Each structure stands twice: as structure tokens, then as C-alpha cells.
Amino acid sequence: MSLILYNTLTRTKEAFTPADPARVTMYVCGPTVYNYAHIGNARPAVVFDVLFRLLQARYPKVVYARNYTDVDDKINAAAKEQNIAIEVITRKFMAVYQEDMAALGVLTPTVEPCATHHIAEMVAMIEALVAKGHAYEAEGHVLFNVPSFEGYGQLSGRNRDDMIAGARVEVAPYKKDPADFVLWKPSTPDLPGWDSPWGRGRPGWHIECSAMIEKHLGETIDIHGGGHDLIFPHHENELAQGTCAHGGAPYARVWMHNGFLTMSREKMSKSLGNIKTVHELLADAPGEALRWALLSAHYRQPLDWSDETVTQAKRTLDGAYRALEAVASINAKATQAPAAMLEALDDDLNTPRAMAEIAASVKALNSASDAGEKARLKGELLAAGALLGVLQQNPADWFADQTKAVDGAQIEALIADRNAARKARDFKEADRLRTAIAAIGVVIEDRPDGTTKWRMAE
RNA sequence: GGCCGAGUGGCAGAGUGGCCAUGCAGCGGAUUGCAAAUCCGCGUACGUCGGUUCGAUUCCGGCCUCGGCCUCCA
């Protein structure tokens, strides 16, 4: 049974075979840190986190790099507007991003390189490209010469003529070819800049990823991931400059791209303003529910985001945690996730199918009566959950629902009163107390063993 | 204009040439003092028009609708 991944480069699903099974390499384009990440930005982080978990389960060593773009014209604009240094902004939002991702159950990648820490590597790569005749200096800029790379367009499936015909941007006069893109650009004194052979300047958008990949992962990586909108121009350009810098060595063996989140069927994007930040969503829902919602559609499909998406995700998780809570006193047997679960994820990360398997595990656990069987099924459910990065909390913590404040002692007291009434067969009083508890927003549940559990209503 | 993707039951969302997705919600039953939870059961879903086929939601073609990239963007 092998892992199958859809490769954007070949437009087909392929069996994944790492170049070096002893060291699997993956790079995912991370955030530009100048404001709060929205839930659409979180999709690749969560999707590739699942892939990271899956790879780790299969291979002894996985090196996963996800970068921070901490120098960029939008950051510059924000810094200028607030009259502060770009570092103040990038440091703050890097920390926010890390917090948000942790709340979504995203594991910390092996490496999280920052662009500003790799200026020397970028300059070196640009110099190599110039030396090899793939790049040239013009008016303080260094540009990659697209016609110098025969394979240009292979990733995005477009030819140069199409691109020029459809270009909506004015072509800078110093470009040799309209498709040429910037590797390095000059900075005026009021902008961040670094000394370089071409004067004080700053990197273009694409070069940072190639330089950091070369440094941390190598010339050829196994998997390169990111959002669908990065295919062109970002990844096409990366592929071009990376391949040329390395004398034709393949840049990435598998390219993976996640689909977008939409709001009312329209792409969620900062420029349209139709965004929900992870930060604000976390105020109303557990991170795990957001994670479940993000994984509820296959990663290449569009996913329309709404309050309902989150509500349904949370209710589904409630059910799974109820099943786990019911066996809280039973030690899970250490075991693997069910084969069907692995099979689903091995098929190009089919998380919806994996979730159906989790549902099957939940049902089996609820139906089990034998203690040994329960221990085994609990182990399977937890192992299955671990692959998706869910169901690892203590059920009591899940139901405590950190987003709502409630006086636990008061509820326990009311429950005790009610149980006393029940014991005295004063059901009228018992029902009155339950109504009082419900008024606080709490649902109670009498268990067959005589105990009464409570949890937050929605 | 070029390239790409999508249209599945109330909602979300897999998948397949003939049989079951799954979850949420709803309905009926078991259970319960009543509930809740759980379990069992239920709903003739595949944009449209043709074609291929013994048989198509699934393959082919046309059409309609929606979305994305081509500019910063996950």
C-alpha cells in the first residue's frame, strides 16, 4: 500500500517515492507576516500538517520547512503607515501566527526560516544565475531572463505568448523580455535594504523560497506545497530560477496545491475583504472544530466557509468525544489506526473518507460491550485521530468549552439537588431543577451507572 | 481572450458503470420516571440535452450556471 499524491506538474496522481527515504523533504509557502492570518491562510498549514504526520508515520526522518516572508512591500507599507520598523510588525504577527496554528493543532515544522535571515543565500543564488546567463542587471534591478529557461510554463500549463497577451501589468522598460521577473530590486533610503553587488536593495518575491530550500532542504526536494493561487507566477518562477541555479537538477519532484476557501462562493481574500481571521474564529469555536471543518472537504476542492461549517464540525466532534468520555476509565490499547483510515489518507489525503472511518470507529466504540474490545477500539480511534490531528484532548477539557464561562460548582450543586429529588421520586422538582440548569446553558445527562454528566448546550 | 476547476439528498461532503459513502439536521422505534446520550430503522441525491451501453450520477459530446489563475494573494 503506497502513498498516492496528486502532482500539479503532471496533473495526475502518482505513487510517492522519496528521492532518499532516509530523509524526506517538504517545503510549504508560509505567511507574509503583516497582519492576522485568515482561515483561508490556515488551510495549507493544516492540510500539509496532515501530510507531515502521514510522512512521519512512514519515514524515519522528514524535514519540513515552512517559511515566514518578513520582507515585502506590503510589510513596508504597513510599517511606513504606522511609522515603525518592519521588525516590529513581523515579530508581532509571526508570534500571532504561531499561536493561531498551535490552536489549530498544527505541529511546528522542522524548520521555519525567515527571509531576512537568508539575504546572503539569495544574493549568492542570484549571482549564480547571472554567471550562468539566466539573469541580468538593469537599472539597479536584477531580472531573471525567462527565455533562457526552456521549461518555463510547465507547471502552470501556459505558454509565454498567452502570458504576454493576457498581461495586465505594464512591462517595465528595462526588461529584456516582457515575462522577465525581478530577483533583486533597489531600495530607496526610506525602505529596508541590504548591500549587494548591485547596490543597496531588497529581494524580489520568489527568490527567498528557492534560497531557503537550497540551504535547508537541498537542490531537489520531494514535495513543494502551497495555495492554488501560487502556481502562477510564484511557483512557476521558483521552478525556473531553482532549476537554472542548479544546472538543470529538478527543483521539486511533487507539487501540491490546496484549493481555496470561499465565502458565499467567492474566494476569501484580503483584497476583497471577505475574510474571517483565525483569531476571531477562535473566540467562538475551539481550534479543533476549525481544524475539522478545514479537513472536511478534500484539500484540492473549494470549501465554502460559513458559521454552519463550524457548527457541524463541532457537533461531529462532540459525538466523538462523547464516545471517548464514555470509556474514559478504560486504558486505550496501543495500536495502529484502522487500515481503512490509512488507505483513505494514502489516496491523496482523502480526509473526508478518513473522517467517515473515524465515524465508523466511534460507532463501533459506542456499540462495544466487552472491556477488552473497548480498549482496542479506543486505541484505534485515538490513533486515527492522531493522524488527522484531532481527538487528542481529554474529553472533559473538550466539553468544558473554553469559549464559554460557567460556574461549575453551582451546576454541580443543582445536579446534586436534582438527584436528591429524583431519589425521592419527586420528578416535578427534578424537572424544575433541570430547567433551571438548562437556563444557564447546560445540558445534563443521566448515565445508566447513576451518575449525571453535564456539558454546555450550543 | 488564454488556461484551469466545479455543479451530488434540508446542509456539509466522498465516491462509483449495475449494490452502502459519511457527518450534521429531520422523522419513526428501542431505551429512559421524563429527558439527554446511545443503538436500530427511514427519506427513491447526483445541473441540462443528447450519445455510447443490457445498464450512467459515474464514459463521450453540446449547452447552462458558478468559481479560480493570467496583478499582491493560501
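What you see is a predicted model, and the numbers here were worked out from it, not measured in a lab. Atom set for the values below is all heavy atoms of this structure, side chains included, hydrogens, waters and symmetry mates excluded. In what follows, chains carry the letters A, B, and so on, assigned in the order in which the sequence lines appear, proteins first and then strands, with residues in each chain numbered from 1.
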Pair partner, B:rG67 [Watson-Crick or wobble, under 3.5 Å] | B:rC4

Go ahead and name the base partner of B:rA56; Watson-Crick or wobble counts if both distances stay under 3.5 Å, otherwise write none.
-> none

Looking at B:rC72, B:rU22, B:rC69, which one has an atom nearest to any side-chain atom of A:Ser271?
-> B:rC72

Does A:Asn41 put a side-chain nitrogen or oxygen below 4.0 Å from OP1 or OP2 of B:rA74?
-> yes

Could you state the CE-C1' distance from A:Met263 to B:rG68, rounded to the nearest angstrom?
-> 17 Å

B:rG41 versus B:rG5 - spacing of their P atoms, nearest Å | 40 Å

If the plane angle is over 60° it's perpendicular, under 30° parallel, otherwise tilted; pick one for A:His216 and A:His118.
-> perpendicular

Is the distance from OP1 or OP2 of B:rC40 to the nearest side-chain N or O of A:Lys363 less than 4.0 Å?
-> yes

Would you indicate what A:Gln301 reaches in the nucleic acid, counting non-hydrogen atoms under 4.0 angstrom: base, sugar-phosphate, or nothing?
-> sugar-phosphate

Can you check the A:Phe427 CZ to B:rU32 P distance for me, whole Å?
-> 13 Å

Taking any strand in view, what nucleotide pairs with B:rA37 in a Watson-Crick or G-U wobble way, both distances under 3.5 Å?
-> none

With P as the reference atom in both, quote the distance from B:rG47 to B:rU8 in angstrom, rounded to an integer.
-> 7 Å

To the nearest Å, give me how far apart NE2 (A:His228) and C1' (B:rC72) are.
-> 18 Å

Rounded distance in Å - CZ (A:Arg353) to P (B:rU22) = 14 Å

With a cut-off of 6.0 Å (strictly less than), are more than 12 heavy atoms of other residues, nucleotides or ligands near CD of A:Glu150?
-> no

What distance, rounded to whole Å, do you find between the two C1' atoms, one in B:rC63 and one in B:rC11?
-> 29 Å

Nearest-Å distance for atom pair NZ/P, residues A:Lys314 and B:rG23 | 18 Å

For the base of B:rG15, is there a side-chain donor-acceptor partner from A:Asn350 under 3.5 Å away?
-> no

Taking the side chain of A:Arg425 as its heavy atoms from C-beta onward, which of B:rU22, B:rG33, B:rA74 lies nearest to it?
-> B:rG33

Upstream residue (5' side of RNA chain B) when A:Leu230 and A:Ile444 are each assigned their closest nucleotide = A:Ile444

Can A:Asp73 and A:Lys185 be said to form a salt bridge (charged side-chain N to carboxylate O under 4.0 Å, His left out), step by step?
-> CA-CA 11 Å; A:Asp73 285 349; A:Lys185 54 190 169 186; 3.2 Å; yes

Residues A:Glu325, A:Arg447: salt bridge by 4.0 Å N-O rule = yes

Base of B:rC11 paired with side chain of A:Gln312 (donor-acceptor, under 3.5 Å) = yes

Mutual orientation of the aromatic rings belonging to A:Phe399 and A:Tyr321 [parallel < 30°, tilted 30-60°, perpendicular > 60°] = perpendicular

Using purine N1 to pyrimidine N3 plus N6-O4 or O6-N4 for Watson-Crick, or N1-O2 and O6-N3 for G-U wobble, both under 3.5 Å, which nucleotide pairs with B:rC42?
-> B:rG26

With a 4.0 Å cut-off on heavy atoms, is A:Lys270 in touch with a base, just the backbone sugar-phosphate, or nothing at all?
-> sugar-phosphate

Paired with B:rA14 by Watson-Crick or G-U wobble geometry, both distances under 3.5 Å: which nucleotide is it?
-> none

Quick one: label A:Arg422 by what it contacts on the DNA or RNA (base, sugar-phosphate, nothing), any heavy atom closer than 4.0 Å.
-> base

Mind checking the P distance from B:rC64 to B:rC49? Whole angstroms is fine.
-> 15 Å

Describe the nucleic acid contact of A:Asp431 in one word from base, sugar-phosphate, nothing, applying a heavy-atom distance below 4.0 Å.
-> base

With both distances under 3.5 angstrom, what nucleotide forms a Watson-Crick or G-U wobble pair with B:rU31?
-> none

Check whether any side-chain N or O of A:Arg322 sits under 4.0 Å from OP1 or OP2 of B:rU38, and answer yes or no.
-> yes

Nearest-Å distance once atom C1' is located in both B:rA21 and B:rG15 = 7 Å

Please work out if A:Leu303 contacts a base, only the sugar-phosphate, or nothing of the nucleic acid, heavy-atom cut-off 4.0 Å.
-> sugar-phosphate

Taking atom P in both B:rU52 and B:rG13, what distance in whole Å separates the two?
-> 35 Å

Assess whether one donor atom and one acceptor atom, taken from the side chain of A:Asp446 and the base of B:rC34, lie less than 3.5 Å apart.
-> yes

Whole-Å gap separating C1' (B:rA74) and NZ (A:Lys74) | 11 Å

Within the structure shown, what part of the strands sits under 4.0 Å from A:Gly40 by heavy-atom distance: base, sugar-phosphate, or nothing?
-> base

Rounded distance (Å) that lies between atom C1' of B:rG68 and atom NE2 of A:His234 = 18 Å

A:Glu445 has its side chain closest, among B:rA37, B:rU38, B:rG23, to B:rA37

A:Pro352, nearest nucleotide to its side chain (from B:rA12, B:rA21, B:rA74) | B:rA21

Looking only at side-chain N and O atoms, does A:Lys267 come under 4.0 Å of OP1 or OP2 in B:rC69?
-> yes

Where does the angle between the aromatic ring planes of A:His224 and A:Trp255 fall among parallel (under 30°), tilted (30 to 60°) and perpendicular (over 60°)?
-> parallel

Looking at every strand, decide which applies to A:Arg300 at a 4.0 Å heavy-atom threshold: base, sugar-phosphate, or nothing.
-> nothing

Checking all strands, does A:Arg418 fall into the base, sugar-phosphate, or nothing category for heavy-atom contacts under 4.0 angstrom?
-> base

If you check every side-chain atom of A:Arg11, which of B:rU22, B:rC39, B:rC4 has the closest atom?
-> B:rC4

Quickly work out the A:Glu266 CD to B:rA6 P distance and round it to whole Å.
-> 20 Å

Check the pair A:Asp318, A:Arg455 against salt bridge (charged side-chain N to carboxylate O under 4.0 Å, His left out), reporting the backbone distance first and the verdict last.
-> CA-CA 10 Å; A:Asp318 280 341; A:Arg455 64 190 157 82; 5.6 Å; no

Rounded to whole angstrom, note down the C1' distance from B:rC66 over to B:rG28.
-> 38 Å

Check: A:Asp222 side chain, A:Met26 main-chain N or O, donor-acceptor pair, under 3.5 Å | no

Hey, is the side chain of A:Arg43 pairing donor to acceptor with the base of B:rA74 inside 3.5 Å?
-> no

How far, in whole Å, is B:rG23 from B:rU58 if one measures between their C1' atoms?
-> 23 Å

Would you call the rings of A:Tyr97 and A:Tyr68 parallel, tilted or perpendicular if under 30° counts as parallel and over 60° as perpendicular?
-> perpendicular

Assert: residue with more 5' nearest nucleotide on RNA chain B, out of A:Arg315 and A:Thr309, is A:Thr309

